[in-house]
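Remarks on the structure that follows.
By convention in this document, chain letters (A, B, ...) are assigned in the order of the sequence lines, proteins followed by strands, and residues within each chain are numbered from 1. Worth saying up front: this structure is predicted, and the values here are computed from it rather than measured.
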Number of protein chains: 2
Amino acid sequence: MDRRQLKTRKAIFKAFRNLLEKKRYDRITVQEIIDEADVGRSTFYSHFETKDLLLNAMCEDMFYHIFENDPCPYVGKDHDLEGELSHTLWHIRDSKTDLSGILLSDSGELFMQYFKEHLYTMFEHHIESFKTDVPKDFLLNHLVGSFAEMVKWWLKENMKTSPEATAKYFIELTKIN
Amino acid sequence: MDRRQLKTRKAIFKAFRNLLEKKRYDRITVQEIIDEADVGRSTFYSHFETKDLLLNAMCEDMFYHIFENDPCPYVGKDHDLEGELSHTLWHIRDSKTDLSGILLSDSGELFMQYFKEHLYTMFEHHIESFKTDVPKDFLLNHLVGSFAEMVKWWLKENMKTSPEATAKYFIELTKIN
DNA sequence: AATAAAATCAAACAAAGTGTTCGGTAACGA
DNA sequence: TCGTTACCGAACACTTTGTTTGATTTTATT
């Protein structure tokens, strides 16, 4: 990939992130992004057709590393749920881009939706092992929703508790078998 | 209040609701609302300064009846949590305006935020009676988040289960003491 | 029924944002 | 070095916004 492309792409992402911490997504104009990123108007549109696609690209960028299936450097094995949750929290904490700034911003719910989509596929792999009477889709919704809320709370509290303890917390509070 | 005012206000609300079921909040223009409601441009702005304030007014209108502290016609006493949750679900089901259309729309998260605000104050009254080690604010987040997700799921499934059974479901799945 | 008050309307407006196109300039990779 | 590619800035037609104007109903009251 051309260095120039990467440079503009990063500049736009950074500008977008800066703006998102200051104001709501739907109040941010392309004009402002252009000014903040200091790129030409036509350049922006050659990279991203719309503001929505920019958001989309940025979310993929942000959440890719968090949910990638890599050998976990912190937790030995992540085949059990609790281990995988810790793993995920580790990645969130170590994420290079400031996730808390964005997830806790006025447009946080927007990113939460992307976040939840990833969580769905993650929890889906464990859903079979749970013994409960509630329907599967409800249970999934419940797990994803409460875990996402927990992450938000965790970030808001500056991640005082360790990923392991936090994951254990979550398991503890939810009757999943 | 003047009949004309009420008529315009209702027309705008209805137009807004119709549009919200078709497209996202931030893609809806004031122009479209005006056209759909068939009111003059200046009339709209004499009622609502901005689109955000219109949303705000409509949410208050929608959630007022759901969370008002009335003598419950369905559940005898609503001093216990489960009874209050049933009560809330009853109101949601009987709500005149189609809540599910809006809460499940593309802009559902927007309304969920308002919804959650009400839930917070509701759960706060019960929080003292819970015996658990997790911090109070985390527990609140957890309850509000998972209950809100449950309502969304419930609406999506066309409210097949009864309010009472659904509330019991929720209590059942959450370790709150 | 008459009247004063108030809400509505259409039209017009400047200002700001959108998305596209253009040719010129500069940076890249080979 | 040289062809390719990405960037820039300027201009464009177009839409949306929020405000103002003055004429036209509709309302509540007497």
Side-chain angles (χ1 to χ4, degrees), chain A residues 1-61 64 97 102 105-107 109-111, chain B residues 1-61 97 102 105-107 109-111 114:
Chain A
M1 198 178 188
D2 199 313
R3 280 182 235 160
R4 289 171 291 180
Q5 281 191 58
L6 222 69
K7 211 177 109 190
T8 27
R9 194 181 162 88
K10 281 198 175 181
I12 290 174
F13 278 177
K14 186 170 181 188
F16 195 34
R17 268 187 271 116
N18 285 345
L19 290 168
L20 275 165
E21 293 187 16
K22 284 184 217 140
K23 59 204 300 192
R24 255 174 36 190
Y25 172 76
D26 62 318
R27 309 285 288 220
I28 296 173
T29 66
V30 174
Q31 191 61 54
E32 285 173 310
I33 302 173
I34 287 168
D35 292 342
E36 178 90 13
D38 196 32
V39 296
R41 180 164 203 75
S42 47
T43 304
F44 175 89
Y45 281 107
S46 76
H47 277 261
F48 306 101
E49 281 184 48
T50 63
K51 206 176 67 174
D52 285 350
L53 289 177
L54 163 60
L55 172 68
N56 200 73
M58 211 178 73
C59 282
E60 276 193 26
D61 222 58
Y64 173 75
T97 58
I102 293 175
S105 76
D106 281 340
S107 308
E109 293 301 326
L110 229 75
F111 297 88
Chain B
M1 199 176 186
D2 200 311
R3 280 182 234 159
R4 290 171 290 181
Q5 280 191 61
L6 221 69
K7 210 177 111 192
T8 334
R9 195 181 161 89
K10 280 197 176 183
I12 290 175
F13 277 177
K14 186 172 182 187
F16 195 34
R17 267 187 272 114
N18 286 345
L19 290 168
L20 275 166
E21 292 186 17
K22 284 185 216 138
K23 58 204 299 192
R24 252 174 38 189
Y25 171 77
D26 62 317
R27 310 283 289 222
I28 296 173
T29 66
V30 174
Q31 191 62 54
E32 286 172 309
I33 302 173
I34 287 168
D35 292 342
E36 177 91 13
D38 195 33
V39 296
R41 181 164 204 73
S42 47
T43 304
F44 176 88
Y45 280 108
S46 76
H47 277 261
F48 306 101
E49 281 184 47
T50 64
K51 206 176 67 176
D52 285 350
L53 289 178
L54 163 61
L55 171 69
N56 199 73
M58 213 178 72
C59 283
E60 276 193 27
D61 223 57
T97 58
I102 293 176
S105 75
D106 281 341
S107 308
E109 292 300 326
L110 231 74
F111 297 89
Y114 283 89

Tell me whether Arg24(A) at atom CZ has more than 12 heavy atoms from other residues, nucleotides or ligands lying less than 6.0 Å away. yes
In whole Å, I'd like the distance from the CD1 atom of Ile28(B) to the C1' atom of dT17(D). 16 Å
Can you tell me the distance, in whole Å, between the CD1 atom of Ile12(A) and the P atom of dA6(D)? 14 Å
Mapping Glu49(B) and Arg3(B) onto DNA chain D by nearest heavy atom, which one lands closer to the 5' end? Glu49(B)
How many whole angstroms separate atom CD of Gln31(A) from atom P of dG9(D)? 12 Å
Which is true for Arg4(A) with a 4.0 Å heavy-atom rule: it touches a base, it touches only sugar-phosphate, or it touches nothing? base
Regarding Arg41(B), tell me which of base, sugar-phosphate or nothing describes its non-hydrogen contacts under 4.0 Å with the strands shown. base
Side-chain N or O of Gln5(B) versus OP1/OP2 of dA7(C): is the shortest distance under 4.0 Å? yes
Compare every heavy atom of Leu54(B) with every heavy atom of Phe44(B), then report the nearest pair and how far apart it is. CE1-CD2, 4.0 Å
Taking only the side-chain nitrogens and oxygens of Tyr45(A), find out if one of them lies under 4.0 Å from OP1 or OP2 of dG19(C). yes
Whole-Å distance between dG29(C) C1' and Leu6(A) CG? 15 Å
Mind running side-chain contact (heavy atoms from CB on, under 4.5 Å) on Glu32(B) and Lys22(B) for me, showing each step along the way? CA-CA 12 Å; Glu32(B) 286 172 309; Lys22(B) 284 185 216 138; over 6 Å; no
Which whole-number value in Å describes the distance from Lys7(B) NZ to dA6(C) C1'? 15 Å
Taking the side chain of Ser42(B) as its heavy atoms from C-beta onward, which of dT16(D), dA10(C), dT18(C) lies nearest to it? dA10(C)
Closer than 4.0 Å, any side-chain N/O of His47(A) to the OP1 or OP2 of dC7(D)? yes
Can you see which heavy atom on Asp26(A) is nearest to which on Lys51(A), and at what distance? CA-NZ, 3.9 Å
N/O (side chain, Thr43(A)) to phosphate O (OP1/OP2, dC8(D)) under 4.0 Å: yes
Correct closest heavy-atom pair for Ser107(B) and Leu20(B) would be OG-CD2, 3.9 Å
In this structure, how many angstroms lie between the P atom of dT19(D) and the CZ atom of Phe44(B), rounded? 11 Å
For a quick check of understanding: with a heavy-atom distance under 4.0 Å over all strands, which category does Thr50(B) fall into, base, sugar-phosphate or nothing? nothing
Side-chain atoms of Asp2(B) come closest, of dT18(C), dA7(C), dT8(C), to dA7(C)
How many whole angstroms separate atom CD1 of Ile34(B) from atom P of dA10(C)? 10 Å
Roughly, in whole Å, what's the span from CG in Asp26(A) to P in dG17(C)? 14 Å
